[in-house]
Protein chains: 2
Amino acid sequence: MRKVAVTGIGQTIVGEHWELSLRELAGEAISQALRDAERDNVDGLFVGNMLSGMISQQENLGTSISDWAGLRGCEAVKVESACGSGGAALRAAIMAVASGEMESALAVGVEKMTEVRSSEVTASLATAADADYEIAHGLSFVALNALVMRRYIHEYGWKHTDFATFSINAHANACHNTYARLHEPITLEDYQQARMVADPINLLDASPVGDGAAALLVVPADYARRNGSRGIAIVGSAAASDTLAIHDRKDPLWLSAAASSAANAYSQAGLQPADIDLFELHDAFSIMSALSLEACGFAARGQAVRLALEGEITINGRIPICTLGGLKARGHPVGATGIYQIVELVQQLRGEAGAAQVPGARIGMAQNIGGSGASVITHILSRN
Amino acid sequence: MRKVAVTGIGQTIVGEHWELSLRELAGEAISQALRDAERDNVDGLFVGNMLSGMISQQENLGTSISDWAGLRGCEAVKVESACGSGGAALRAAIMAVASGEMESALAVGVEKMTEVRSSEVTASLATAADADYEIAHGLSFVALNALVMRRYIHEYGWKHTDFATFSINAHANACHNTYARLHEPITLEDYQQARMVADPINLLDASPVGDGAAALLVVPADYARRNGSRGIAIVGSAAASDTLAIHDRKDPLWLSAAASSAANAYSQAGLQPADIDLFELHDAFSIMSALSLEACGFAARGQAVRLALEGEITINGRIPICTLGGLKARGHPVGATGIYQIVELVQQLRGEAGAAQVPGARIGMAQNIGGSGASVITHILSRN
């Protein structure tokens with residue numbers, strides 16, 4: 001399996017793009033990524049998306065986008081893994097290039113969520129959980145995560161307010177990201193006074209939905225090397241699944257798919273958690289930040305909250321997370337999120353993250369999660 | 001890129017499975033495929049499906065199925081390319097194994113369509129076409145194909161009744177397929193008297209929807225060789241896209257993505273149309289049979305209807321098609337169809353097709369189409 005690298009990135013602002021369709025959003029990110037890589041064509045297009053059929057009445061989404069983006073003729077498919085769709089699309093692009101089947105592939109994440117009523121968005125997002133055994137009983141996706149957060153608080157003795165640091169960090173970092181949805185710093189008091197969504201998850205524990213698209217160009221690593229230094233190598237890529245329903249897990253506080261996909265990615269890269277300079281994790285809810293940090297070996301079980309409270313997750317901390325805002329403040333256009341994470345890693349590893357730059361970042365990790373830990377995709381990228 | 005083979009197949013009857021959920025249907029096909037290959041686990045699962053979110057309120061479908069089918073932990077995603085989703089899922093499985101990333105992968109196609117009102121099915125299927133520029137104007141998917149059929153009749157001077165042979169052949173062959181939805185032979189009179197759906201497409205030009213699942217186990221070809229003779233080699237695999245909307249094509253009667261994916265598959269296999277012993281084509285409507293035969297080099301433009309009238313598409317003809325019923329009579333559970341096609345090819349190449357056996361079949365081709373020729377996936381399989 002030959003090694004691959006990312007040589008082009010593109011992204012739109014995450015927000016309410018009522019004037020742009022799915023393909024127009026995706027086309028904008030694709031144009032940027034191709035311009036960034038100084039190319040005008042590719043062999044294949046892998047689109048990460050969750051909701052296009054339900055919200056925009058458009059499937060055959062791969063072809064819809066290849067057609068619009070000036071890539072008529074190329075192989076094009078949609079890859080779906082709920083909120084992990086972006087990471088899964090990148091996995092598909094990597095395998096296509098690594099196998100030798102393609103010399104170049106675009107991984108594009110795109111989602112439109114703000115044009116329909118919020119009740120429709122809630123219903124659509126619930127399809128990430130188990131329709132027959134969770135959602136049929138009246139649970140929403142945020143309610144499922146609320147049950148997990150309550151259990152964590154119960155097991156480990158933290159207070160709800162101890163989670164504030166995750167959200168404060170994400171909002172602070174997003175202020176430096178032009179493409180982020182939210183640019184307002186928040187305080188501990190803001191967090192404590194935030195409106196409740198599903199107890200104990202309040203509005204500042206939850207990531208906002210949004211419309212957005214992001215794109216990555218994947219090529220063979222040796223091609224990238226021959227063509228200048230902007231290529232960022234993908235040194236680890238792994239995915240795993242868990243039970244779809246949380247109640248089927250022996251331990252609802254252990255993300256086994258996050259742990260096993262991270263372990264495989266570490267092993268491929270010959271690295272350990274201590275080698276990772278920044279970690280773009282899947283903070284759909286603040287509880288997920290804690291569980292991901294623990295599953296990936298950055299904190300002992302029940303201790304990720306302490307890591308945050310001790311300031312170790314900030315740009316200058318031991319393991320910076322959500323360095324350009326994370327899902328919490330960059331925004332969470334669900335099927336696109338996994339690609340935004342990697343675009344941001346590349347910005348950091350190129351040293352182009354501006355005021356949010358992690359000093360001397362050489363190796364970064366991203367983890368994208370579909371459902372409540374049901375499908376997890378982990379990538380490790382390296383500057384050289 | 002290492003070569004791969006299919007060593008296990010499984011399928012459910014195509015029909016109305018009101019008592020089975022998506023994952024139960026898929027689980028049944030997976031169990032059969034694993035039993036057939038004498039295995040009990042795989043590294044990855046690629047699910048071809050189009051409508052699970054819209055009809056069954058279930059995304060994260062890969063994990064839903066890996067969880068249910070006893071494959072917890074393995075990488076699992078859904079691949080969507082409208083009615084070409086099955087073929088696209090097989091492509092993903094092939095690239096995963098060919099790249100060396102996996103030693104085994106299941107490609108599973110599954111669809112449930114009969115539990116909702118037919119108006120909902122029609123609306124869901126319309127998402128295969130261009131939502132903004134075709135469907136918004138009131139066209140349904142069958143209406144789009146009707147426009148193409150009318151154009152073909154106008155350009156080449158055939159009569160509607162000349163297309164009857166495609167449907168008669170499919171129905172005759174399905175009588176020998178236990179898993180087919182329809183087991184009634186039809187006559188020329190039946191065809192001529194069939195109820196109109198969208199002029200000139202009548203009920204016997206159109207494939208029936210249905211619930212169903214089919215599965216394939218893909219492994220490295222050398223592994224298959226070491227483990228007995230039942231492995232069927234995949235010697236060609238290619239995909240391409242066209243414009244999503246038919247009106248954007250220079251020639252609405254030329255399936256350019258079918259032609260280019262077939263040309264690539266022939267080239268990979270070192271074969272020509274004359275070498276193909278049978279062709280499982282995408283006869284969603286009888287007009288699509290004609291256009292596929294022409295795009296793939298089995299008939300000159302406008303002459304596929306003559307090929308059919310001369311009896312060359314039957315089991316004993318020059319290029320047998322729809323040998324176990326095709327979409328027309330085996331049924332068309334849209335996202336599953338591309339996998340059914342390959343399962344049937346394997347049955348033929350193993351010599352296990354019973355009364356529908358193509359004598360001496362060694363090399364077979366399958367072509368799966370998403371939308372009206374917008375995304376096309378072509379595979380060539382060989383007995384040795």
Side-chain angles (χ1 to χ4, degrees), chain A residues 1 21 44-45 50-54 56-64 66-68 71-82 84 88 91-92 94-96 98-101 123-124 126-132 135 238-245 248 256-257 260 370-371 374-375, chain B residues 1 21 44-45 50-54 56-64 66-68 71-82 84 88 91-92 94-96 98-101 123-124 126-132 135 238-245 248 256-257 260 370-371 374-375:
Chain A
M1 191 165 144
S21 67
L45 174 64
M50 178 181 175
L51 305 171
S52 74
M54 289 181 278
S56 305
Q57 289 76 54
Q58 184 68 71
E59 293 292 356
N60 223 337
L61 189 66
T63 299
S64 165
S66 62
D67 185 12
W68 181 263
L71 303 169
R72 278 183 191 172
C74 89
E75 180 165 3
V77 296
K78 164 174 160 175
V79 180
E80 185 278 323
S81 194
R91 283 276 296 154
I94 291 171
M95 289 192 271
S99 68
E101 183 73 7
S124 299
T127 65
D130 194 313
D132 299 330
I135 303 308
S241 64
D242 197 346
T243 68
L244 184 59
D248 279 334
S256 70
S260 71
S375 57
Chain B
M1 192 167 143
S21 68
L45 174 64
M50 177 181 176
L51 305 171
S52 74
M54 289 181 279
S56 305
Q57 289 76 53
Q58 184 69 71
E59 293 292 356
N60 223 337
L61 190 66
T63 299
S64 164
S66 61
D67 186 13
W68 180 262
L71 304 169
R72 279 183 190 170
C74 88
E75 181 165 1
V77 295
K78 163 173 160 174
V79 180
E80 185 278 324
S81 195
R91 282 276 297 154
I94 289 171
M95 289 192 272
S99 68
E101 183 73 5
S124 300
T127 65
D130 195 312
D132 300 330
I135 303 307
S241 63
D242 197 347
T243 67
L244 184 59
D248 280 333
S256 70
S260 70
S375 57

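Every chain is numbered from 1 and lettered A, B, ... according to where its sequence line falls, protein lines coming before strand lines.
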B:Asp67 and A:Asp248 have their tightest heavy-atom pair at OD2-OD2, 4.4 Å

Worksheet item: Is the closest side-chain heavy-atom distance between A:Ser375 and B:Asn60 below 4.5 Å?
Response: yes

Max heavy-atom pairs within cutoff under 4.5 Å with chain B, candidates A:Gly62, A:Ala374, A:Ala126, goes to A:Ala374

Highest number of heavy-atom pairs under 4.5 Å with chain A among B:Ala128, B:Gly100, B:Ala88, B:Ala245 belongs to B:Ala128

Practice task
Look only at the side chain of B:Gln58 and the backbone of A:Thr127, and say whether a donor-acceptor pair between them is shorter than 3.5 Å.
Solution key: yes

Rounded to the nearest 0.5 Å, the OG atom of A:Ser256 sits from the CZ atom of B:Arg72 at a distance of 9.5 Å

The interface call for B:Ala92 against chain A, heavy-atom contacts under 4.5 Å, is neither

ask   = Is a donor on one side and an acceptor on the other found under 3.5 Å between the side chain of A:Ser241 and the backbone of B:Gly73?
value = yes

Value for CG (A:Leu51) from CD (B:Glu59), rounded to nearest 0.5 Å, stands at 7.5 Å

dist A:Asp132:CG -> B:Ser64:OG (nearest 0.5 Å) comes out at 7.5 Å

Honestly, the part of B:Ala129 sitting under 4.5 Å from a heavy atom of chain A is backbone

Between B:Ala98 and A:Ser99, the two heavy atoms sitting closest are C-CB, 4.2 Å

Okay, B:Ser260 and chain A: the region with an atom under 4.5 Å from a heavy atom over there is neither

What one should report as the nearest heavy-atom pair of B:Ser81 and A:Ala76 is OG-O, 4.1 Å

Cut-off 4.5 Å, heavy atoms of chain B, and the answer for A:Ser52 is neither

Residue from B:Glu80, B:Glu75, B:Met95 scoring the most non-hydrogen pairs under 4.5 Å with chain A is B:Glu80

Given A:Gly44, A:Gly370, A:Ala239, A:Gly371, the one with more heavy-atom pairs under 4.5 angstrom with chain B than any other is A:Ala239

Whatever's closer than 4.5 Å to a heavy atom in chain A on B:Asp242 counts as backbone

What one should report as the nearest heavy-atom pair of A:Ala131 and B:Ser56 is CB-O, 4.1 Å

In this structure, CE of A:Met50 is separated from NZ of B:Lys78 (nearest 0.5 Å) by 9.5 Å

The reported gap from OG in A:Ser124 to CE in B:Met54 (rounded to nearest 0.5 angstrom) is 11.0 Å

Okay, B:Ala257 and chain A: the region with an atom under 4.5 Å from a heavy atom over there is neither

(request) May I ask you to test the B:Arg91-A:Val77 pair for a side-chain heavy-atom distance under 4.5 Å? (result) no

Okay, A:Ala123 and chain B: the region with an atom under 4.5 Å from a heavy atom over there is neither

